[in-house]
Amino acid sequence: ACSAFSQKSCEECLKNVSCLWCYTNNTCIDYPVRSILPSSSLCSLSNARWGVCWINFEALIIALAVVAGLILVSITVCCCYCCYCRRRSRSRLDEEEEQLARKREDRRLQSLQRKHERKLKHDEIRKKYGLLQDSDNPYSRFENE
């Protein structure tokens with residue numbers, strides 16, 4: 001079916017997706033499906049057109065390879081960056097958690113110290129006014145004078 005478009009125009013030939021246009025002899029041939037690239041005996045890559053007439057097959061292959069390479073590189077970079085960020089954020093979270101634990105422990109120790117100071121101060125006041133009970137006999141009788 002593609003050979004019917006030979007000696008016509010590239011646009012007419014490439015309307016059919018299974019056709020390949022060769023500029024060396026202005027022929028429309030069936031695309032060699034069994035081999036990925038058409039052999040040079042059919043048509044050289046620089047003179048072959050497939051899909052569109054304005055770009056040759058050689059440039060099309062190079063452009064597709066560059067685009068595929070860029071996509072692979074960008075996916076690799078994204079994966080590495082995400083893994084690095086995730087590892088970094090985990091270590092940052094561990095550091096923050098450790099810092100919060102230290103602060104919590106410091107607050108607890110300060111609270112205990114203030115509690116002890118208050119107890120000493122209250123005991124001092126009780127002693128001053130005679131309200132401090134003897135540790136020997138905590139059940140002593142309270143006498144009014």
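Quick caveat, the model's predicted, so the values are computed rather than measured.
- Atom CD of Glu105 is surrounded by more than 12 heavy atoms from other residues, nucleotides or ligands within 6.0 Å.
- Between Lys103 and Asp106 no salt bridge is recorded (no basic side-chain N to carboxylate O distance below 4.0 Å).
- Linking ILVMFWY side-chain heavy atoms closer than 4.5 Å, directly or via other members, places Tyr23 and Phe5 in two distinct hydrophobic clusters.
- Taking 4.5 Å as the limit, some side-chain heavy atom of Gln113 sits within range of a side-chain heavy atom of Glu117.
- Between Ile55 and Val52, the closest heavy-atom pair is CG2-CG2, 3.2 Å.
- Note: the hydrophobic cluster containing Tyr129 does not contain Leu120 (ILVMFWY, side chain heavy atoms under 4.5 Å, direct or indirect links).
- Cys28 has its SG atom 2.5 Å or further from the SG atom of Cys2.
- The CD atom of Glu12 sits 10.0 Å away from atom SG of Cys53, with the distance rounded to the nearest 0.5 Å.
- A salt bridge does not link Glu124 to Lys128: none of the charged side-chain nitrogens sits closer than 4.0 Å to a carboxylate oxygen.
- Here the CZ atom belonging to Arg114 is positioned 11.0 Å from the CG atom belonging to Leu109, to the nearest 0.5 angstrom.
- Between the side chain of Trp50 and the backbone N or O of Val17, at least one donor-acceptor pair lies under 3.5 Å.
- Residues His122 and Lys119 have side chains not in contact (no heavy-atom distance under 4.5 Å, counting atoms from C-beta outward).
- The distance from the CG atom of Asn26 to the CG atom of Asn47 is 10.0 Å, given to the nearest 0.5 Å.
- With hydrophobic clusters built from ILVMFWY side chains whose heavy atoms lie under 4.5 angstrom apart, Leu64 shares a cluster with Leu45.
- Looking only at distances, a side-chain donor or acceptor of Ser74 sits under 3.5 Å from a matching main-chain atom of Leu70.
- Taking each heavy atom of Leu20 and Phe57 in turn, the nearest pair found is CD1-CD1, 4.4 Å.
- Annotation: the span from Glu96 atom CD to Gln99 atom CD amounts to 7.5 Å, rounded to 0.5 Å.
- Disulfide check for Cys43/Cys22 passes, with the SG atoms closer than 2.5 Å.
- Linking ILVMFWY residues whenever their side-chain heavy atoms come closer than 4.5 Å, directly or via other members, leaves Val66 and Trp54 in distinct clusters.
- Side-chain atoms of Trp21 and Ile29, non-hydrogen and from C-beta on, never get closer than 4.5 Å to each other.
- Residues Ser46 and Glu58 come closest through the heavy atom pair CB-OE1, 3.6 Å.
- Side chains of Asn56 and Arg49 form a contact here, defined as non-hydrogen atoms less than 4.5 Å apart.
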